[in-house]
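Notes to accompany the following structure.
Every chain is numbered from 1 and lettered A, B, ... according to where its sequence line falls, protein lines coming before strand lines.
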Amino acid sequence: MSEKSYFDGATRRRTLQAMGAASVVSVTGLAGCSDDDSGNGNGNGNGNGNGNGEPEEVSFPLEVQLETNADNSDRVEMVELVAASLEDTGYFETNVETFEFNDFVARILNPEYGDRGHIGCVGLSGTFNPESFCNALHHSGNIGQCCNMSGVSDPELDDMMDSARFGIEVSQDPDLRRERYDEIWHYLAEESYSSIANFSVEDAIMNNSVHGFNGWPFNEGLLSFALYSPTENQVTWMDDDADPRETDLSDVQEGGTLRVGVVENPDSFDPPYSSDTTSTFVQSLIFEQLVTSDLEGNVYPWLAESYEIVDVQDVDRADYEEYMISVAADEEGAIDTTEQIIVVHPDDDPVGDDEVRVLTPEEAADAVADGVFGMRIQYELHEGVTFHNGEELTAENVVRSYEYYENSNVSAQTFDSVLHAEADDEYTVSVYAQVPDAEAERELPGVYILSTEQLDEIEADDDLDRGDIDPREDLTPIGTGPYTLEEFSDQQFAEYEKYDDYWVEEMGVDTIPWFDGPAEFPDGPVIDEIELEFIPDDATRSGALQNDEVDLTYGLATATLDDFDASDDFIVDIVEAGAYDYFQTPLNVEPWDDKRLRQAFNHLIPREVIVEEVFNGYRNPAWTDIPELARGLGTADYDALEAEIRPTNEYDPERAVELIEEVIADHGYESTV
Amino acid sequence: MSLHRFILKRLLSIIPILFGVSVITFGLVYLTPGDPVDQMVALNPHVSPSDEATLRAQYGLDRPAWEQYLLWMSNVLTGDFGQVYSSGRDVSSVVLQRLPETIVLGLFGWIFALVIAIPAGIYAAVNKDQLGDTVSRFLALSGISIPNFWLGLMLILIFSLILGLFPVLPPSREPLYHPRMLWYLLLPGVTIGTAAAASIMRVMRTSMAEELNKEYVTAARAKGLPERQIVLKHVLRNSLISVVTLAATLTASIVAGSVVVEVVFNWPGLGREFIMAINGREMNLIMAITLFTGFFVIIANLIADILYAVLDPRIRYE
């Protein structure tokens, strides 16, 4: 739970650079790795090249070490199951090693990890962006970084992944993008660089007073989405008398209080100055973005009445060269500037070079003024949207909110794609992307819109810094959202009240152009008060729910979920989510450089047994690399994809043994099996 | 006069002790893998090694350990305990906000321990080797052996969930001095105080039993003093010295116990903050909490030393 593994789209800064042996070396060098592993990392790892310098003779049974982080007991149990499955074939002698979380992260992010010959198991969290299930694991730009731990460096695959997201064609043609992802899933099934074992689910457990609640794959949006979401005709209300299993939209009742047991204390209410999911969770009631999303990840205009991609240009990051300025970089790669770095020149390397060319906001504005940008999306704002202080939302709020995200805790992900934001007139804003990007509609507007009053206050007051929009700094957050923060007690609780002049209620949900829900769908959330109780301990949170001190909670241990599920007094809501556990075999080390051995390993992961035995059924086996939630954007035809790829991921020791025997015979490896 | 000098001397000795505590804590945290930047970045694929290096440079985490320590030390000497990396809040304000919560909980547990342990110890010593003594010894042994978190969960299960006598969550809308708090504090207080009560009771029993065998007791009995007066007036006072020593030492274990108990009872004190600080590798916060608790433990021991003189006028501090 404390493990921070997030991942919301976007890709590496250097994605568009031409991939080849030279660039691989520079990426490896960038990650602080010296030249002593130059034998690896080139080639796609699937030939018979001696990937590894170690002269040890390969012999079967093969000794192999499986590694994971010790703090996640489910994952450890899963790794032990896989180890036992490998041992059962007789072809492996396994050893399971666990590490403290930080230690493990440092270990696998070492660019040389892939040369050690171990099989690492990591849990990551994906998003609606299909890329989050392949890029981090396989892009050569992510060697030494999250989380290409085995050093997959396959120019063909890099190209495939880049062209599924970037470029003029794909940014305008979602179908083409789906086709390209389908090619990637097939390619990955064949190469078996990684084995995704399962996909997570999000649980929400509530008592019978909570009606109409539907979960959300990511808990940062769990509450705001469930309370009111016209994209899914979804609204939650409180009713102590009726049975929630037998009510529908026509029974919606207004008023009441929803008490929620929240898993952590939020770091901050200031949107860009927190990166934990709980902070986003508590902010999402107060602040809103230009767009909203449905359960499949489709994007709908929200604070914007509409938006339009007005321009796409064939620009890559090197094209900003003439606008770039030179700044010093130290040996560790720390760049000496207080400005937000938007683009680092793809040919420069902050670790190796003393100076690097960078684009900061000022030069980005110049480039946009000259017409140099990858993409431009124009947002037409609703008129008459008010903040909690009565201020009206204008383009200025949007532009200044983007500026406020500079050099914040989330600037790395924000300025991975955003180039610049500019007001076209009072209610029109253009946001520019660095390169043509199929994810731009989702990635560019990922900024909470803040009030001018507070932005001014922070600029003017010497005692206030950026990051101080937080009741603990005596600044109560002000947004356009449906709830206002009334009281907050650090580590204890937060109380929200409905905002009377919420813009959707003022305008009526029917005035939203894309809304096609039933007439009785309310014009805003109906619950009057929200009380969040911060309860980090699972058992205590579960107790608070049983004792009717909260109405709803989430993130409970799977063993407890069965008990709640069996009880008539509680409802357990399960929705497939984006987190996943995966194994990576050391493809640069003999004999794992033969893809047949990797395929064999994949056949030895008992996915169904793992889900049943380890996760009590509260996970889904990964029959493809892409989970349900990313299907809409990541495959043309999910059923066809699953039919084709599932056989490669089935538990099949016989097939595994065949493949291993082939590997042994072809390479003449010694075997005493 | 000599007592004053003794107190002054002990107060001055706090400085080197706290210095030692800070060096050791800093060293331990420094040697633990990971730093706040690792925690913030963790497995975020957007953050490049160069971004990380830039962040480290910002927080001064790229400097050698001794330099970081000296910088921290010089700030602390000017009263600045630094900031929490993840939220940017002042460490001193966080500690001051949490401190009363832990003091109230600890004090409650400590008083509970004494109130239970001293009478129980006396009873056991007076009825040595009889049924009551055996039962109380059994309970004491259980009290020492039961882990805090398990006891806490069981108390919640029995008294909150099954009997419905207590809320699971602390009444967080009420101020700390509200009477409802006192009621709520019973469960966490009992949890935190049980182990302490058990050890105090055992020591009380032993030292009292020993004292009861002394000649002055025989003399008092021969003189015809009522047994009650012998035990409560003469023997108790003499046997309290070892209890006072133990009670002072137990302050440390109560502070340590608060870490677990606060998590189980969702009590917003320093202990829970400490766990989060360690998980987040929040060096400044860890250092400040350790120093504060170290300070309190030292003061508790000092008070114990002073109490010796009160209990036994023969003790002199030269």
Worksheet entry | Part of Ala544(A) within contact of chain B (heavy atom distance under 4.5 Å) | both
Fill in: CG-CG distance between Leu161(B) and Leu545(A), expressed to the nearest 0.5 angstrom
10.5 Å
Worksheet item: Do side-chain atoms of Asn266(B) reach the backbone of Phe534(A) as a donor and acceptor pair under 3.5 angstrom?
Response: yes
Fill in: Top contributor to chain A contacts, counting heavy-atom pairs under 4.5 Å, from Ile156(B), Val264(B), Val94(B), Asp62(B)
Val264(B)
Worksheet entry | Ion pair Arg89(B)/Asp470(A), N-O distance below 4.0 Å | no
Practice prompt. Select one option (side chain, backbone, both, neither) describing which atoms of Phe166(B) are under 4.5 Å from chain A's heavy atoms.
Written response: backbone
Worksheet entry | Distance-minimising heavy-atom pair for Val168(B) and Glu549(A) | N-OE2, 2.5 Å
Discussion item. Does Trp72(B), at its CH2 atom, have more than 12 non-hydrogen atoms belonging to other residues, nucleotides or ligands within less than 6.0 Å?
Written reply: yes
Discussion item. I want to check something: taking the side chain as every heavy atom from C-beta on, are Asn409(A) and Ser86(B) in contact at a cut-off of under 4.5 Å?
Written reply: no
Fill in: Atom CD of Glu174(B) with >12 non-hydrogen neighbours under 6.0 angstrom
yes
Discussion item. Within this structure, what is the CZ-CD1 distance for the pair Phe265(B) and Ile535(A), rounded to the nearest 0.5 Å?
Written reply: 13.5 Å
Item to complete: Find out whether Asp490(A) and Arg98(B) are in side-chain contact, i.e. whether some heavy atom of one side chain is under 4.5 Å from a heavy atom of the other.
Response: yes
Discussion item. Tell me which of these, Gly543(A), Ser268(A), Ala329(A), has more heavy-atom pairs under 4.5 Å with chain B than the rest.
Written reply: Gly543(A)
Discussion item. Is it the case that the side chain of Glu533(A) and the backbone of Leu169(B) share a donor-acceptor pair, with hydrogens and angles ignored and the cut-off at 3.5 Å?
Written reply: no
Worksheet item: Which atom names give the shortest non-hydrogen contact between Gly333(A) and Ala53(B), and what distance separates them?
Response: C-CB, 3.9 Å
Practice prompt. Give a yes or no on whether the backbone of Gln491(A) and the side-chain of Arg272(B) come within a donor-acceptor separation of less than 3.5 Å.
Written response: yes
Worksheet item: What heavy-atom pair brings Asn547(A) and Pro167(B) nearest, and what distance separates the two atoms?
Response: ND2-CA, 4.1 Å
Item to complete: Nearest 0.5 Å please: distance from the CG atom of Asn279(B) over to the CG atom of Asn102(A).
Response: 9.0 Å
Worksheet item: Is any side-chain heavy atom of Ile335(A) closer than 4.5 Å to a side-chain heavy atom of Ser50(B)?
Response: yes
Worksheet item: When rounded to the nearest 0.5 angstrom, what is the spacing between OG in Ser172(B) and CD in Glu531(A)?
Response: 8.5 Å
Fill in: Thr540(A), part contacting chain B, at a heavy-atom distance under 4.5 Å
both
Response to the item:
Interatomic distance, CE@Met276(B) vs CG@Asp267(A), rounded to 0.5 Å, equals 10.0 Å
Discussion item. Tell me whether Phe99(A) at atom CZ has more than 12 heavy atoms from other residues, nucleotides or ligands lying less than 6.0 Å away.
Written reply: yes
Response to the item:
CG (Leu157(B)) and CD (Gln546(A)) are apart, to the nearest 0.5 Å, by 8.0 Å
Discussion item. What part of Gln58(B) gets within 4.5 angstrom of chain A, counting heavy atoms only: side chain, backbone, both, or neither?
Written reply: neither
Worksheet item: With a 4.0 Å cut-off, would you call Arg173(B) and Glu487(A) a salt bridge?
Response: no
Discussion item. For Phe159(B), I'd like to know if atom CZ has over 12 heavy atoms of other residues, nucleotides or ligands within 6.0 Å.
Written reply: no
